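Structure first, commentary second.
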Amino acid sequence: MKTQSPGPLRARRTSALLLLTALTCLPGCKESDKGKEDAGPGGTDTTRADLLKATGACVEKTARQFLEASTALTGAVSRYSGQPDATTQAEARAAFHAAMDVWQVAEVMQVGPAAPRSAAGGAELRDNVYSWPLVSRCAVEEQVVSKSYETAGFPTSLVSRRGLYALEYLLFHEGEETACQSTSPIVAQGTWAALSPTERATRKRAYALAVAQDVNQRATQLVKAWAADQDNFANTLASAGSGNTVFPTSQAALNAVSDAMFYFEREGKDLKLARPLGMRECSTESCPEHFESQFANRSKANLRANVRGFRLLAEGCGEGYTGTGFDDVLVAAGAEALAQKLRERIVAAEATFATIEEEDLKQALAQDKPSVRALHDAFKGVTDVLKTELVTVLDLELPQSVEGDND
């Protein structure tokens with residue numbers, strides 16, 4: 001299993017604490033705020049409670065959508081494995097895209113069961129579904145040779161050997177070469193080269209089915225963790241406060257949701273965009289090998305879905321982003337202008353995708369690098385608000401991973 005870093009020690013931001021006593025909703029509230037204006041003393045707390053309840057419902061809804069998509073994916077991969085042809089291959093690939101579209105929305109919702117074990121209520125389900133950036137093509141290729149996917153211990157093997165990354169490689173990569181170095185047993189002993197193309201393809205399909213089934217099992221676990229008639233973590237989040245062993249205060253629960261949203265900063269802006277652009281951890285002008293999706297060429301689609309996931313939490317999970325979001329809490333705290341700025345910058349980030357004509361970011365980086373840089377800058381516009389003004393006004397804690405990061 002993936003080893004997680006120790007729980008973060010965070011720096012408190014308290015410079016705008018007085019804003020938290022605001023009791024009324026300023027002009028310009030969203031439709032979802034009607035009724036909150038007359039909440040009386042503690043109105044801000046009521047809005048926070050609404051946000052926690054809405055967030056739990058949103059995460060559960062997204063988890064159910066992913067379970068549905070992963071079930072369809074398992075069926076498609078099973079058909080492809082049993083009767084490989086151009087049609088079943090195309091269906092399996094289409095099902096992968098559909099499942100990943102949903103999962104990339106969920107990436108921004110790593111609260112409770114999906115979060116690392118070091119986090120409050122964390123069960124590490126996310127890494128068992130998709131461990132990027134902790135991935136290894138060589139590790140997957142070594143399993144093709146060893147056939148460890150057939151063993152009873154496969155579900156507890158390293159996450160870099162399982163999950164949606166492994167499945168992407170197994171369904172989309174068609175090359176015969178291996179990424180493993182000479183020190184790998186499959187190269188040193190010649191076992192990769194000894195496999196015929198037909199045998200290698202057969203093993204990849206069988207491996208893909210084992211991975212799809214494992215992902216589907218994790219998706220089932222995630223729904224179980226949130227469902228009201230099962231483990232009901234949605235209630236754990238909504239009932240934060242005295243007597244709650246996971247979230248002893250509503251502020252602790254709000255911090256957990258905020259931490260999840262920082263995926264947009266760390267993985268989104270920094271890893272998925274800045275690294276390929278050559279802005280960090282890259283010794284050349286650009287590093288396209290750092291793009292997230294190297295085999296299915298969906299790095300652009302993944303980021304677009306990340307924006308959607310972020311917006312669902314920031315503005316509301318209902319149709320057209322209605323419902324309670326972080327912007328409502330800002331309004332209740334007397335920061336309507338900041339809520340509006342957050343909304344505008346998220347919309348601007350969404351609109352930037354339309355300026356990238358290429359199907360994927362790797363193509364765009366090669367043919368129109370400024371368009372990819374513009375996307376990075378649009379993400380930065382959102383994260384600048386997130387890690388400065390929003391956390392200050394709501395007295396939230398910065399995750400350790402972004403403390404001192406002035407980018």
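Computed from a predicted structure; not experimentally measured.
Ionic pairing of R266 and D270 is not present here: no N-O contact between side-chain nitrogen and carboxylate oxygen is shorter than 4.0 angstrom. Between E107 and R126, at least one side-chain nitrogen of the basic residue sits less than 4.0 Å from a carboxylate oxygen of the acidic one, meeting the salt-bridge criterion. A salt bridge between D360 and K300 is absent, with no side-chain N of the basic residue lying under 4.0 Å from a carboxylate O of the acidic one. In summary, E141 and R137 engage in a salt bridge, as defined by a charged side-chain N under 4.0 Å from a carboxylate O. Between R311 and E350 a salt bridge is recorded (basic side-chain N to carboxylate O distance below 4.0 Å).
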What do the steps show when you test R48 against L394 for side-chain contact (heavy atoms from CB on, under 4.5 Å), and what is the final call?
CA-CA 10 Å; R48 288 176 176 229; L394 299 183; 4.0 Å; yes
Does Y207 form a side-chain contact (heavy atoms from CB on, under 4.5 Å) with R203? I'd like the steps, not just the answer.
CA-CA 6 Å; Y207 188 178; R203 293 189 184 194; 5.9 Å; no
Before you tell me yes or no, could you show the steps for L398 and F262 under side-chain contact (heavy atoms from CB on, under 4.5 Å), namely the whole-Å CA-CA distance, both residues' side-chain angles and the distance that decides it to 0.1 Å?
CA-CA 9 Å; L398 276 175; F262 269 92; 3.5 Å; yes
Would you please test N128 and V215 for side-chain contact (heavy atoms from CB on, under 4.5 Å) and show each step?
CA-CA 7 Å; N128 280 279; V215 167; over 6 Å; no
Set out, in order, the CA-CA distance, both residues' side-chain angles and the distance that settles side-chain hydrogen bond (donor to acceptor under 3.5 Å, both in side chains) for T47 and D328, then state yes or no.
CA-CA 7 Å; T47 305; D328 296 291; over 6 Å; no
Give the intermediate values and the outcome of salt bridge (charged side-chain N to carboxylate O under 4.0 Å, His left out) for residues E344 and K341.
CA-CA 5 Å; E344 290 174 352; K341 180 194 289 189; over 6 Å; no
Assess the residue pair E142 and R161 against the criterion (salt bridge (charged side-chain N to carboxylate O under 4.0 Å, His left out)); give the C-alpha distance rounded to whole Å, side-chain angles, the decisive distance to 0.1 Å, and a yes or no.
CA-CA 9 Å; E142 287 176 340; R161 300 174 180 178; 5.2 Å; no
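Heavy-atom minimum distance, A333 versus V393: CB-CG1, 4.2 Å. Scanning all heavy atoms of the two residues, the minimum distance from E358 to A364 falls at OE1-CB, 3.5 Å. Considering every non-hydrogen atom in both Y130 and W103, the closest pair reads CB-NE1, 3.4 Å.
Checking side-chain atoms of N255 against main-chain N and O of E397 turns up a donor-acceptor pair under 3.5 Å. Judged by distance alone, the side chain of S160 and the main-chain N or O of V135 form no donor-acceptor pair under 3.5 Å. Here the side chain of S184 pairs no donor or acceptor atom with the backbone of Q181 at under 3.5 angstrom. A donor-acceptor contact shorter than 3.5 Å links the side chain of T352 to the backbone of A348. A side-chain donor-acceptor contact under 3.5 Å links T74 to the backbone of A212. With hydrogens and angles disregarded, a donor-acceptor distance shorter than 3.5 Å links the side chain of S299 to the backbone of S293. For the pair R205 (side chain) and G82 (backbone), a donor-acceptor distance under 3.5 Å is absent. Without hydrogens or angle criteria, Q294 side chain to E289 main chain gives a donor-acceptor distance under 3.5 Å. Without hydrogens or angle criteria, T324 side chain to A54 main chain gives no donor-acceptor distance under 3.5 Å. Side chain of R345 to main chain of G381: a donor-acceptor pair is present (N/O by atom type, distance under 3.5 Å, no hydrogens or angles).
Legend: residues meeting side-chain hydrogen bond (donor to acceptor under 3.5 Å, both in side chains) with K272, ordered by chain and number and at least two apart, are Q104, Y263, E292, N306.
If you take CZ on F154 and CD on Q213, they are separated by 10.0 Å, rounding to the nearest 0.5 Å. A distance of 7.5 Å separates OG1 in T383 from NE2 in H376, rounded to the nearest 0.5 Å.
Around CD of E150, the count of heavy atoms belonging to other residues, nucleotides or ligands within 6.0 Å exceeds 12.
The aromatic rings of F233 and F247 sit perpendicular to each other, their planes meeting at more than 60°, with 30° as the lower class boundary. Under the 30°/60° scheme for interplanar angles, the aromatic rings of F264 and F379 are found to lie parallel.
Applying the side chain to side chain donor-acceptor pair (under 3.5 Å) definition to pairs two or more places apart or across chains, those involving residues 225-235 are K224-D231.
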